[in-house]
Amino acid sequence: MTTLHSPPSAPTTSRDGYPAHYFAGLPTLLRLVARREWKIGLITLAVFLLINLATATSINSMYPTPEKRVSLQRGPGSNAAFRFLLGPLRDIDSAAAVTVWRAGLFLVAALAVCAALMVVRQTRKEEELGRSELVRAAATGSLASLAAAVIVATVFCVVVALGVSLMLLPLDAAGIDVAAVFIQYLSTGLAGIGIAAVAAQIATTSHIANLTASTVVFIGYALRGVADAINGWDWLRWVSPMGWAELIAPFNGNHVGWALLSLSVCAVGLMIAGWVVAHRDMDAGLIAPRPGPAQTARLGSLPAVARRLSGPMLASWAGAIVVYASVVGFMQPSIDDLARDNQQIMSLIEMTGINATLSELFGTTIIGFLAVAASAWAVSVATRLRSEETEARAEFVLTTPTSRTSYFLTYAGVAALGVVVVLAAAAVGMVVGNGIAGGGWTTAVANTVIAAAAQIPAALVIATFAVALYGLAPRLVPAGWLIVVAAFLLGPLAGMFDLPQWVDDLSPFTHTPKVPVMPMEWTPVAVMLAIAVVFTVAGLIGFRRRDVG
């Protein structure tokens, strides 16, 4: 463990021996962090804008008149499950107000999480990889890296909040309402930054820091949901930034004073993080992974090592999917209320020729969304493989009798197995939530399991493509995230963009059989499985021929 010392070029020292200029080198680090984050930030901004655009389009299409919006308020808007997920629908005077209700709180929480991940990525992750120690060896202050990460994350939050709020102007939103939405997003994002700054200092790994910060945000989201769904629990809105975001109430009072509490969380978090940075050793923290035994016979094989390294990460993915799927499943029995007094929805269902209820269609659609998340798990495995290689650990493993073939196929198997596990977790969550809400068990189990199983081939295509990128050219592995986003936009969300069919067909999820609401088709399943095998073989050949390290 390395103790922080003032570099020789540090200007002066204070009485406690630390550099008096804590922010030395900040402009240079700002440029470095911005260069690292601008691509991820741009993609995230595009996703936020697309989701809001799709939401606004659907609201204008399904609820174009005040009468239709009244039916929405009296139906889903008054349902406890919808209030838990989206909050109460208090204002229906404009499409902008309904759009903010439909997408607002969930995207507000998502912005806080994205900002938190950005801060952790540029602080604890850099420290974990050993790059922070190299930066600190130069003429940089102890707080410069943290300050650079916070400033870039703040700019990111400002841009996203500005983009989301300005999109409401064409929907007849008043200027003061747009300003309230901007403050709602920005203040909650800043609270996420403060939380992540502390988490990055107390956790010794970026994974634990990300999990800690995200959990704090989502616990606040859940507490706010309980306050909205259950009478007498209103006080739960007052204990978290997500509750304060709801209390701002754009289009229904615009009580922006609540944002001061989120700003206070950010300020206090940054002060705590700054103090800890200036007084702790490099790589130190309060929350650390439990060390393994000094000797063990449980890691005598490559599959055992892969299970040990990937198991905790898979457990966190599956756990998050179970929680989300449970909430959505809890809402599923109430989905049919959407069709109440809305002849347009009933007409659309009849035009499709599908003999299914809106609830069944909803369940199949959500499973399709979660299948994309399952494929994203495989991209994280490929990213982990790349890190293992760049940090020379893969080379150590390959110096043993372990062959390249077994090494590659073992981790390809981990990626594929994880896809199945995540989809199984999604099915379990949907079934449990649906059953608790009174939607039944037997039919729900059968329908959900069939829908989840049908998504496996498409998810495996993305998974094996990501692993093939690692085998062929590790530097291209980050492109796997772009493939996941593209597959999502051209598959489950293809109806938003009215693109040519050949473009939509580029996504494997477009070809997934829509069972159980439509008959099973085996040809696309066989083709997608064959493509997955081809990607795996191509990746294996590339891995066996290229240099490692």
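Note that the structure is a prediction, hence the values are computed from the model and not measured.
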Query raised in the report: Are more than 12 heavy atoms from other residues, nucleotides or ligands located less than 6.0 Å from atom CZ of R544?
Result: no

Query raised in the report: With a 3.5 Å cut-off and no angle check, do the side chains of E389 and Y470 form a donor-acceptor pair?
Result: yes

Minimum-distance pair of heavy atoms, taken over all atoms of [X] and [Y]:
{"X": "F408", "Y": "G471", "answer": "CE1-CA, 3.9 Å"}
{"X": "R386", "Y": "V477", "answer": "CD-CB, 4.3 Å"}
{"X": "L29", "Y": "V135", "answer": "CD2-CG1, 3.7 Å"}
{"X": "T510", "Y": "G491", "answer": "OG1-CA, 3.7 Å"}
{"X": "S262", "Y": "S187", "answer": "CB-O, 3.4 Å"}

Query raised in the report: Parallel under 30°, tilted from 30 to 60°, perpendicular over 60°: which one fits the rings of Y324 and F106?
Result: tilted

Query raised in the report: Under 30°, 30 to 60°, or over 60°: which ring-plane class applies to H279 and W275, parallel, tilted or perpendicular?
Result: parallel

Query raised in the report: So, the side chain of T400 versus the backbone of F396: is there a donor-acceptor pair under 3.5 Å, distance only?
Result: no

Report summary line: Taken in chain and number order and not counting sequence neighbours, the residues that satisfy side chain to side chain contact (heavy atoms under 4.5 Å, CB included) with M271 are V268

Report task. List in chain and number order the residues that pass side chain to side chain donor-acceptor pair (under 3.5 Å) with S206, two or more places apart in sequence or in another chain; answer none if no residue qualifies. Result -> E128

